[in-house]
Amino acid sequence: MSSQDEQVEQRRANLAELARLGVEVYPRTFDRRDAISDLVARHGERTHDELEADRTETATAGRILAIRSFGKANFLVLSDGRAKIQVYIRQDSIPALDFTIFKLLDFGDWVGVEGRLFRTKTNELTIWASRLHFLSKCLLPLPEKWHGLTDVETRYRQRYLDLIVNPDSRRVFETRSRVVAAIREFMTARGYLEVETPMMQPIAGGAIARPFTTHHNTLDMDLFLRIAPELYLKRLTVGGMEKVFEINRNFRNEGISTQHNPEFTMMEFYEAYADYQALMTMTEVLISSVARQAIGTDQITFGDHAISLAPPFTRLSLRAAAREAASRRLAREVTDADLRQRDTAADLARLLGLDVAAGHGAGKITTDIFEALCEDRLVQPTFVYDFPTEVSPLSKQKPDDPDTVERFELYIGGFEVANAFSELNDPAEQRRRFEAQLKDRALGDLEAHQMDDDYIRALEYGLPPTGGEGVGIDRLVMLLTNRPSIRDVILFPLMRTRD
RNA sequence: GCGCCUGUAGCUCAGUGGUAGAGCAUUCGACUUUUAAUCGAAUGGUCGUUGGUUCAAUUCCAACCAGGCGCACCA
């Protein structure tokens, strides 16, 4: 018999013995008066004498993370997932049945205790138990107490084990929750209305990405999981909802990496009468105040880097960034004109070792150069602004430069955290952009945007001047919790099934 | 999709072409303020899977499975 089978059998036997003794082994409730983390917060700093003077009685509960037995005197360590407290169990201080229950406990079981707080000789805050209540059984052996669980595959597949034994992991997800709450509060306080738009869409629009497909049986209709809520949110702005936001999942059928999970969370928002300049200013305030609210500071450590999220953020035009990086790399003067001419831009890209596809124009090539040379160097918060029109089918052109749109991306820690633009609201121009995308699609670009006639129709009813933005929540949480992989900030990242 | 790396006890990890190792966990024993408790003893393995080479494979080789990292794609 394997070690695991043996341990499970032993635990089952202990459970059966409890039942034989008449103990309710899966009781319905427990009258917990205090959470362990509250006890530690309230009494963690109080001295032995103060505790003795009070004789503070409590009833608390948690999972057993350690059992230290000395025969007639014993210690349990209980956890509520956030804090731990020690329990002292003396044979002569609790009823005989409770002591028998204690002897049948296993590492990982859930118990409730009643007793009074004191400090041991070694000054550990401890509950001197007067009663012990069995609450639930842990039938499988838990990971070891000292090294914990480090195998990343098990941590992702069996997140509950990770949460039981790795308090850091628990803290990451508590921070994530605070980040989302802070964003919601920030937006709501500024008069944005939170809305929910379809996750199942007949046309997957609003981004350049390959979608997942699904099917509705009764309607006998193929549908896409959304790649972005953008086109629906702007329809709401057409409808007169001037400030809207949505925090929800997007699904993109593309590669998986430390920065990409097939489903990820975005906060996307739209504001009538705002343009991309206004959004830059708002984004600085949003990021820094969410950081302060969620982790108490806007000065963070990410890997080897110290990053300041305090405004103002650096602003850098995309073409200037690509031009300067290419000039440095090639040790020769690269001009704005070089990047705007398809032929010279393509030559530069090839010199830089980049593949140039036949259908790619100067704008796409310039963006490729930027991404290859600049992206991972943008560690301090940086707005990269003024994108080529070619790669931005939903953004409004600059009045004096039709090849450039009013768009920015925010980079922090070497990756993109936000993407925003002044929204294209001219339906005729939007139709032309979609048609250009359809040409790319015909050439085999599976990520090119599809035509959306209803969206064009909505624009024909009139979209006011509007600014819109998407903020990647997972990546923001990575930065604020100093995690190198997006899987560390998603409770159940997508994994291949086993067996 | 490509490249590199990893897979040995429940957990964390050593290791070897010739009967498989440690710590923790588990079981038994001692112990009424310990805290990685300690001390004594014991149990626990299809060495990811399937093939191949070999007298002999956990070890060498190949394919496959799962994962990590990097590249590509992308946010």
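Just so we're on the same page: letters track the sequence lines, and every chain starts at 1. Only a predicted model underlies this, so the values are computations on that prediction, with no experimental measurement involved.
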Can you check each nucleotide of nucleotides 3-8 of chain B against protein heavy atoms at under 4.0 Å and return B for base, S for sugar-phosphate only, - for none, in 5' to 3' order?
------
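- Using a 4.0 Å cut-off, no side-chain N or O of A:Ser3 falls inside it from OP1 or OP2 of B:G45.
- Atom CG of A:Asn253 sits about 12.0 Å away from atom CD of A:Glu263, to the nearest 0.5 Å.
- Residue contacts shown for A:Tyr156 are limited to sugar-phosphate atoms, with no base heavy atom under 4.0 Å away.
- Using a 4.0 Å heavy-atom cutoff across all strands shown, A:Phe251 reaches no nucleic acid atom at all.
- Between A:Thr150 and B:U12 there is a side-chain polar atom (N or O) within less than 4.0 angstrom of OP1 or OP2.
- B:A66 and B:G52 have their P atoms separated by 23 Å, with the value rounded to a whole Å.
- Across all strands shown, A:Ile208 has heavy atoms under 4.0 Å from sugar-phosphate atoms exclusively, and none from any base.
- Atom name C1', nucleotides B:G1 and B:U50: the rounded distance is 25 Å, in whole Å.
- Look at A:Arg487 and you'll find a side-chain N or O under 4.0 angstrom from OP1 or OP2 of B:G68.
- A:Arg475 comes within contact range of at least one nucleobase, with a heavy-atom separation under 4.0 Å.
- In summary, A:Glu9 and A:Arg12 do not engage in a salt bridge, as defined by a charged side-chain N under 4.0 Å from a carboxylate O.
- Applying the side chain to side chain donor-acceptor pair (under 3.5 Å) test to pairs two or more places apart or on separate chains, those with a residue in residues 371-381 of chain A are A:Glu375-A:Tyr411.
- Across the protein-nucleic acid pair, A:Ile67 atom CD1 and B:U38 atom P stand 15 Å apart, rounded to whole Å.
- Phosphate proximity of B:U34 to A:Arg68: absent, as no side-chain N or O sits under 4.0 Å from OP1 or OP2.
- A:Thr154 meets the side-chain contact (heavy atoms from CB on, under 4.5 Å) test with A:Leu149, A:Asp151, A:Gln158, A:Leu161; sequence neighbours excluded.
- A:Lys137 has a carboxylate O that lies under 4.0 Å from a charged side-chain N of A:Asp106, or vice versa, which qualifies the two as a salt bridge.
- In this model, the phosphate group of B:C65 is not approached by any side-chain N or O of A:Arg496 to a distance below 4.0 Å at OP1 or OP2.
- Look at A:Arg157 and you'll find a side-chain N or O under 4.0 angstrom from OP1 or OP2 of B:G67.
- Classification of A:Asp54 and A:Arg46 as a salt-bridged pair holds, one side-chain N sitting under 4.0 Å from a carboxylate O.
- When rounded to the nearest whole Å, the span between CZ of A:Arg155 and P of B:G68 equals 11 Å.
- A gap of 22 Å separates the C1' atoms of B:A22 and B:G18, to the nearest Å.
- A:Gly470 comes within contact range of no nucleotide atom at all, as no heavy-atom separation falls under 4.0 Å.
- A donor-acceptor contact shorter than 3.5 Å is absent between the side chain of A:Arg155 and the backbone of A:Asp488.
- The phosphate of B:C11 has neither OP1 nor OP2 within less than 4.0 Å of any side-chain N or O from A:Lys145.
- Backbone-only engagement by A:Glu153 is indicated by non-hydrogen atom pairs under 4.0 Å involving sugar-phosphate atoms exclusively.
- A salt bridge is defined here as a Lys NZ or Arg NE, NH1 or NH2 lying under 4.0 Å from an Asp or Glu carboxylate O, and A:Arg176 with A:Asp474 meets this definition.
- The CD1 atom of A:Ile256 sits 17 Å away from the P atom of B:C73 (whole-angstrom rounding).
- Qualifying side-chain contact (heavy atoms from CB on, under 4.5 Å) partners for A:Pro211, counting only residues two or more places apart in sequence or in other chains: A:Ala204, A:Phe224, A:Ile227.
- For A:Phe107, there are no ring-ring contact (aromatic ring centres under 6.0 Å, His included) partners at least two apart in sequence or on another chain.
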Given the rule that a pair is Watson-Crick or G-U wobble with both distances under 3.5 Å, how would you write RNA chain B in dot-bracket, using | for pairs to a different strand?
(((((((..((((....[..)))).(((((.......))))).....(((((..]....))))))))))))....
